[in-house]
Amino acid sequence: MIKFGIISYAHVHSDSYAWALKTIFDHDGAAKLVAVSDTEPSRGRPRAEHWGAQFFENYRDMLSGSIVDAVIIASENVRHEEEIAAAAAAGIHVICEKPVGISKEQLQSMQANLQKHSIIFQTAFVCRFSAPVVDAKRLIDSGSLGAIRAISATNHGRYPGGWFGEPALSGGGAVIDHTVHAADVVRMLTRDEFGSVTAFRGANLRPDLQVEDNALIYSRLSRTGIPVSIDCSWSRHDKWPIWGDLQLNIFCEKGVIKIDAFKPHINVSSASGFEWQSLGEDLNVKLIRSFCNAVNEHRASDRRGHGAVPKNSYDHDASLRANFDDGAKAASVAFAAYSSIANNSAPVLP
Amino acid sequence: VDYAQIHLNFRSGAVAHLEASWAVPANFPFSTSLELCGTAGMLQMDNSEQSTSIEVYAPGAPISKSAPMEFNGYFHEIDAFIKAVEEKRERAPVDVSDVVHPLEVALAAKQSIRTGKLVRLSSCSAPSAPSAGSADGPSASFAGSADGPSAPGASSA
């Protein structure tokens with residue numbers, strides 16, 4: 001069993017991870033949430049108690065004394081670097097929310113630091129585990145539709161609120177929050193990297209917000225030249241029935257694939273409003289299971305004395321697991337988009 | 001060019017993404033969809049997915065899904081034209097000026113595909129500093145395209 005801690009309840013997803021860990025524990029005991037840390041005890045402590053986990057105000061106390069084997073970092077984006085460094089130094093495996101960092105410099109120092117430690121690091125790119133995305137990957141890899149010629153993608157959403165609108169904590173708005181999911185899925189499906197990025201910021205839908213809430217991003221992939229567009233906007237209003245979407249139109253030589261990753265859904269109506277709830281296995285459960293496979297393989301490999309585990313070599317879903325490099329590459333697309341916007345929409349290499 | 005992504009900047013500061021495609025197989029439904037996002041709400045329409053009101057399944061026949069209306073767009077178009085003639089109106093419901101601007105946008109997109117650069121529309125003045133305003137036309141367009149199966153090599157790199 002792998003003992004998990006959650007660092008911070010700042011993120012809207014923190015409790016979803018707790019729920020996913022409970023689901024896995026109840027099913028086969030492969031993972032267990034044992035600890036929660038939060039700089040704001042009034043926010044984190046009640047949730048820790050709810051899940052029967054130990055609470056820490058300082059995450060460093062949670063990382064010492066073999067309390068946890070792994071942590072899920074769900075703090076404000078700007079704090080990831082320091083928390084990852086502390087976990088890595090303690091030999092604790094990490095799942096980190098996206099974006100992994102908020103600047104190129106931060107990513108470089110994170111990468112240099114991670115190279116010194118033998119831990120499993122996974123970027124929380126849940127969309128990779130979405131059934132229609134996996135299906136599309138299989139179809140593309142089979143070659144039956146020929147080569148990809150163009151992709152248009154959206155990752156729309158509601159404004160998540162709170163620190164997501166504070167640039168000092170988030171590193172930016174919709175561009176850094178949503179470009180990364182779409183960019184990551186494009187990278188995974190094409191096995192190609194983004195070339196120069198041209199981005200346009202629209203006038204804010206929420207004029208009072210400090211960060212951008214809508215932008216359109218264009219690029220060509222560097223090896224294949226495939227044109228890609230990404231709409232990363234927080235263009236859904238507060239009453240939209242689901243937090244957001246991930247849609248891709250993939251134009252291939254011999255056909256077209258249209259993906260709507262959060263379908264099918266059921267309609268749920270209650271006093272608190274109207275919601276679309278996606279069907280199918282919870283994506284966080286799949287993400288954490290994939291991580292557990294890697295951690296278990298790492299342990300086995302350590303016992304055999306083989307040292308660190310390379311990616312993509314063991315379990316069936318290893319190719320879906322996003323490592324640090326995947327997280328950094330996707331974040332770099334967002335950084336390039338910001339540079340482009342700042343430079344009058346000039347093309348910028350990630 | 002059988003597929004293009006076109007970006008539009010508006011004087012109001014709004015942005016738009018247009019996608020034009022023939023790069024689909026023959027069995028792909030003719031479809032148009034539109035999404036408008038504003039400060040107070042959002043509007044979506046999609047003629048291919050959301051509007052089916054009758055489905056017919058019969059042995060040996062293709063599945064039929066449609067959204068019949070008492071009066072469709074063609075009816076309204078002719079009806080409006082007849083009314084304009086009968087009432088001797090000065091302006092047709094869709095007159096030449098309504099055609100010129102969209103064409104200008106399309107031609108600018110073609111130019112942008114050729115040059116890889118933003119094109120500023122001559123009918124729009126100094127748009128680089130977004131100003132508040134209504135009923136703005138697009139001030140600049142930016143387009144990329146892909147060579148599709150039916151027109152290999154037809155577009156710029």
Side-chain angles (χ1 to χ4, degrees), chain A residues 145-154 156 158 196 198-209 212-220 224-240 245 247 249-258 260 263 341 344-347, chain B residues 1-29 31 33 35-44 48-49 113 116-118 128-133 136 140-152 155-157:
Chain A
L145 293 181
I148 299 172
R149 306 306 297 268
I151 298 175
S152 66
T154 70
H156 297 124
R158 298 187 290 229
S196 64
T198 305
F200 302 88
R201 176 184 175 175
N204 258 26
L205 299 166
R206 301 164 190 79
D208 298 335
L209 209 58
E212 79 289 345
D213 67 3
N214 74 94
L216 295 166
I217 294 167
Y218 300 83
S219 182
R220 274 183 190 272
T224 53
I226 296 170
V228 175
S229 70
I230 296 175
D231 182 350
C232 62
S233 306
W234 290 336
S235 51
R236 271 51 189 158
H237 289 261
D238 295 346
K239 293 193 171 152
W240 188 247
D245 66 32
Q247 297 180 345
N249 296 320
I250 305 165
F251 296 85
C252 306
E253 281 173 319
K254 293 180 222 160
V256 177
I257 308 172
K258 283 169 71 90
D260 194 337
K263 279 184 180 169
I341 289 168
N344 204 17
S345 299
Chain B
V1 175
D2 67 358
Y3 174 85
Q5 298 174 348
I6 299 159
H7 177 86
L8 302 176
N9 285 335
F10 290 82
R11 273 186 301 206
S12 65
V15 292
H17 170 77
L18 307 183
E19 214 171 326
S21 177
W22 289 343
V24 295
N27 61 359
F28 192 92
S31 52
S33 63
E35 180 174 304
L36 288 172
C37 300
T39 52
M42 184 175 85
L43 180 151
Q44 286 184 325
S48 61
E49 278 180 12
I113 288 170
K117 292 196 162 62
L118 278 165
S128 56
S131 60
D136 287 329
S141 74
F142 165 85
S145 69
D147 299 338
S150 61
S155 80
S156 64

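Each chain gets a letter, A, B and so on, in the order its sequence line appears, and its residues count up from 1.
Put simply, of A:A215, A:G202, A:G146, the one with the most heavy-atom pairs under 4.5 Å next to chain B is A:G202. When the candidates B:G41, B:A14, B:S21, B:P25 are compared by the number of heavy-atom contacts under 4.5 Å with chain A, B:G41 comes out ahead.
Taking the side chain to side chain contact (heavy atoms under 4.5 Å, CB included) definition, one finds that A:I148 meets it with A:I140, A:I151, A:T190, A:I226, A:I250, A:C252, sequence neighbours left out. Here B:S33 pairs with nothing under the side chain to side chain donor-acceptor pair (under 3.5 Å) rule; sequence neighbours left out.
For the atom pair B:C37 SG and A:D231 CG, the distance stands at 7.5 Å (nearest 0.5 Å). Distance CG/A:L216 to CD1/B:I6: 13.0 Å, rounded to 0.5 Å. Put simply, CZ on A:F200 and CG on B:L118 are 4.5 Å apart, with the number rounded to the nearest 0.5 Å. The line from CD1 of A:I230 to CD of B:Q5 is 10.0 Å long, rounded to the nearest 0.5 Å.
The two residues B:S12 and A:A203 make their nearest non-hydrogen contact at O-CB, 4.0 Å. Scanning all heavy atoms of the two residues, the minimum distance from A:V256 to B:A23 falls at CG2-O, 3.4 Å.
Counting heavy atoms from C-beta on, the side chains of A:N249 and B:Y3 never come closer than 4.5 Å. In this structure the side chain of A:S345 never reaches within 4.5 angstrom of the side chain of B:H7, judged on heavy atoms. Residues B:H17 and A:Y218 form a side-chain contact, since some pair of their non-hydrogen atoms from C-beta on lies under 4.5 Å apart.
Considering A:H237, A:K239, A:H156 as possible partners of B:M42, the one that fulfils the side-chain contact (heavy atoms from CB on, under 4.5 Å) test is A:H237.
The part of A:N204 that comes within reach of chain B is its backbone (N, CA, C, O), which places non-hydrogen atoms under 4.5 angstrom from that chain. Of the two parts of A:S233, neither the backbone nor the side chain holds a non-hydrogen atom closer than 4.5 Å to a non-hydrogen atom of chain B.
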